[in-house]
Amino acid sequence: QVQLVESGGGLVQAGGSLRLSCAASGGTFTSYGRGWFRQAPGKEREFVASISWSDDSTSYADSVKGRFTISGDSATNTVYLQMNSLKPEDTAVYYCAARRRVGPTTVENNYAFWGQGTQVTVSS
């Protein structure tokens with residue numbers, strides 16, 4: 001059974017950095033790319049960043065532009081999210097998923113194989 005597994009979360013002070021990883025296990029699958037989403041307590045899950053395998057194009061939520069960088073290796077099916085200059089409002093559970101449908105990279109319904117998430121907590 002295909003599964004995406006996130007890792008790298010933790011507790012960090014404001015201004016610090018973390019690097020999240022998203023690895024695939026349990027089999028092979030095709031996808032158009034990978035995305036990172038996050039869900040803060042009491043809020044809906046929201047798009048953070050995405051990468052497309054076809055041309056390595058990336059997309060970011062306005063709230064993380066200039067601070068977060070998504071990168072990936074299609075050969076190993078692993079994606080990373082480098083998070084710098086972290087703010088308390090970045091505190092959330094971060095999820096990665098595989099984009100399996102053509103369409104906007106910001107739309108959750110275009111993604112599948114969601115991971116269990118990794119907690120990121122930024123203290124002030």
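FYI, side chains are in, hydrogens and waters are out, and symmetry mates aren't considered; it's all heavy atoms of this structure.
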Which atom names give the shortest non-hydrogen contact between R67 and L86, and what distance separates them? NH1-CA, 3.9 Å
Can you get from V12 to Y94 by hopping between Ile, Leu, Val, Met, Phe, Trp and Tyr side chains that sit under 4.5 Å apart? yes
Using 30° and 60° as the class boundaries, would you call the ring planes of F47 and F37 parallel, tilted or perpendicular? perpendicular
Rounded to the nearest 0.5 Å, how far does CD of Q39 lie from CD of Q119? 10.5 Å
Could I get the full list of side chain to side chain contact (heavy atoms under 4.5 Å, CB included) partners for D62, not counting sequence neighbours? K65
Do side-chain atoms of Y111 reach the backbone of T106 as a donor and acceptor pair under 3.5 angstrom? no
Indicate the atoms forming the closest heavy-atom contact of Y60 with I70, along with that distance. OH-N, 2.9 Å
List, one per line, each side-chain donor-acceptor pair under 3.5 Å for residues 13-33, sequence neighbours excluded.
residue: S17; atom: OG; partner: N84; partner atom: OD1; Å: 2.9
residue: S31; atom: OG; partner: G33; partner atom: O; Å: 3.4
residue: S31; atom: OG; partner: W53; partner atom: NE1; Å: 3.1

Do you know the tightest heavy-atom contact between I51 and G72? CD1-N, 3.7 Å
When you measure from the side chain of T91 to the backbone N and O of V122, does any donor-acceptor pair fall under 3.5 Å? yes
Walk me through it: do R38 and E46 pass the test side-chain contact (heavy atoms from CB on, under 4.5 Å)? CA-CA 5 Å; R38 67 186 182 186; E46 63 177 5; 2.7 Å; yes
Take K87 and S63, measure what side-chain contact (heavy atoms from CB on, under 4.5 Å) needs, and give me the verdict at the end. CA-CA 10 Å; K87 304 176 181 179; S63 58; over 6 Å; no
Which heavy atom in G9 sits nearest to a heavy atom in V120, and how many Å separate them? CA-CG2, 4.1 Å
Which atom of D90 lies closest to which atom of S85, heavy atoms considered: OD2-O, 4.4 Å
Measure across G115 and Y95 and return the closest heavy-atom pair with its distance rounded to 0.1 Å. O-CD2, 3.5 Å
Nearest 0.5 Å, what's the CH2-CD distance between W36 and E6? 5.5 Å
When you measure from the side chain of R34 to the backbone of Y80, do you find a donor-acceptor pair of N or O atoms at a distance under 3.5 Å? no
